[in-house]
Amino acid sequence: MMRLIETNLDLYRYEIHSLVREFYPATEIKVVVEGDERDEKLHREVPYVFLRVHFDRDCMGLILKDGEAAEPLTFERRRESGEPLPFNEKGKETKDILKTFLYETLSRVTGRQLPWGDLIGIRPTKIAMTRMENGETGEEAAAFLQREHHVSEEKANLSVDIAKREAKILSPIHYRDGFSLYIGIPFCPTTCLYCSFPSFNVALWKDRVDDYVDALIKEIAATADLMRGKILDTVYIGGGTPTTLEAEQLERLISAVEENFDTSHLCEFTVEAGRADSITKEKLEALRRHRVSRISVNPQTMKEETLRIIGRHHTVQQVRDSYRLARECGFDNINMDIILGLPGEDAGDVRHTMEEIEKLSPDSLTVHSLAIKRASRLRRIIDEKGYPAFVNTEETMRIADEGARRMGMEPYYLYRQKQMSGNFENTGYAREDKYGIYNILIMEEKQSILALGAGSISKLVFYTENPDGTENIRIERADNPKDVATYIENIDEMIRRKEKLYRIQGR
Ligand code: SF4
């Protein structure tokens, strides 16, 4: 089912779309602009306009018609003083009024309150952090989130809690004169149902994996030179599944990192071991011979049947065995990822997963809410067969939270994605000093990230100071193609892009 929204606020299509979708997750939402001829086809296809959002100087109006035969409901917002509303298309105030009004109206109509209120950005903790940096107490920042953005008390306090912890964890990081290194390995044993990452079946690509590692090493050697004089704070090898590489390939790759970059200041070197069906003793030993300090062994669920449904061709026992093998090899910082809201799973299944994970006792746990991404097989299945129940609830979130805390962990980073089950969030929990620092840095966007490999996006962060002493951050990016063959064949062009970014733009 498609719901059509018409507005005269072309600039805020994204905000309207994002908020309405949170209230109506099972439907496809299209936002069209009044009088735009390009949207005529949509008007012909969809029998009626579900919501009209109109804004002028005197009044913001919403007309909602929930069904072809339904009577339209009209809502208006004016200033009590009778003053005109601040209609400055690019102004923050217009956007804030729109979001608040839309949220309050949809909340009234549907009878639902969203845990994150009208916040639609990926990093809700940022507001709390900025307000505390500007002198507010944690209580004041939490009160602001509840009052101005309708965030629940629990999520407002969580935001403040995490913002405080993040600030402490990131205190040793060199924002201006440092950087982090990301290397992407876009191969996996099979493709998970919900996956939207660059992921190629390693069995089908096995003849090109060596070429891929060669291309990466060339990119490493060429770009290391661009970062001379900068401090390397963290390294993260992700993907995909980096441990789909053979032990010898991992050895070559990590040796190239250590030979080309100064790793003496590293505070973290993570390799996502990810899938249990890719982990062997030889590979773990190869990682241990180097400076790798943190790995992840990700079950996603400890329910056998769900693993099969989501296309992960490994068993629960393989997760346990890989985890124990990693401990035996000496890893003392192991992360596990789980997903809430997986097909067919209820609170009992999540409780079981947490009990099994607690028996293993990892050092950190990342709790994801299932996100139904456009590029995933899951999205295609939903489009073809309708919207089955992928339920993530406050109860399942609480079960995961309580389990993580029983293991001595605290939440230390949090982010949101589009199309998340239940309007919740992804939360990283960790024991003290077992944090995933790169995970915070990628969200913070305050440090440059040199990103190598297919599908990676390098970032260069510029700091400029305003006359009043405050600083502005501007980010320039350079991306690599997602396709493995295109990346390998165009490696010289990928290197030139980094030279342009870091040598010419970053001068
Ligand atoms: S392991 Fe991760 S990257 Fe690989 S297919 Fe599954 S979700 Fe995608």
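Atom set for the values below is all heavy atoms of this structure, side chains included, hydrogens, waters and symmetry mates excluded. Order of listing sets the numbers, starting from 1, for every ligand and every atom in it.
Residues satisfying the side-chain contact (heavy atoms from CB on, under 4.5 Å) criterion with Ala163, sequence neighbours excluded, are Ala128, Met129, Met132. Partners of Lys303 under the salt bridge (Lys or Arg N to Asp or Glu O under 4.0 Å) rule, at least two apart in sequence or in another chain, are Asp349. Applying the salt bridge (Lys or Arg N to Asp or Glu O under 4.0 Å) test to Glu305 and every residue at least two apart in sequence or in another chain returns nothing.
Near Arg275, with a cut-off below 4.0 Å to any heavy atom, the atoms of ligand 1 are 1 (S), 6 (Fe). Taking a cut-off of under 4.0 Å to the non-hydrogen atoms of Thr190, the atoms of ligand 1 that pass are 5 (S).
Between Phe187 and Tyr212, the two ring planes are perpendicular [angle over 60°; tilted spans 30° to 60°]. Between His265 and His174, the two ring planes are perpendicular [angle over 60°; tilted spans 30° to 60°].
Looking only at protein N/O/S atoms, the ones less than 2.8 Å from atom 8 (Fe) of ligand 1 make 1 in total.
The number of heavy atoms from other shown groups lying within 6.0 Å of CD (Glu394) does not exceed 12.
Asn298 does not count as a contact of ligand 1, since none of its heavy atoms falls under 4.0 Å from the ligand.
What you find for Asp118 and Lys99 is that their closest heavy atoms are O-CE, 3.1 Å.
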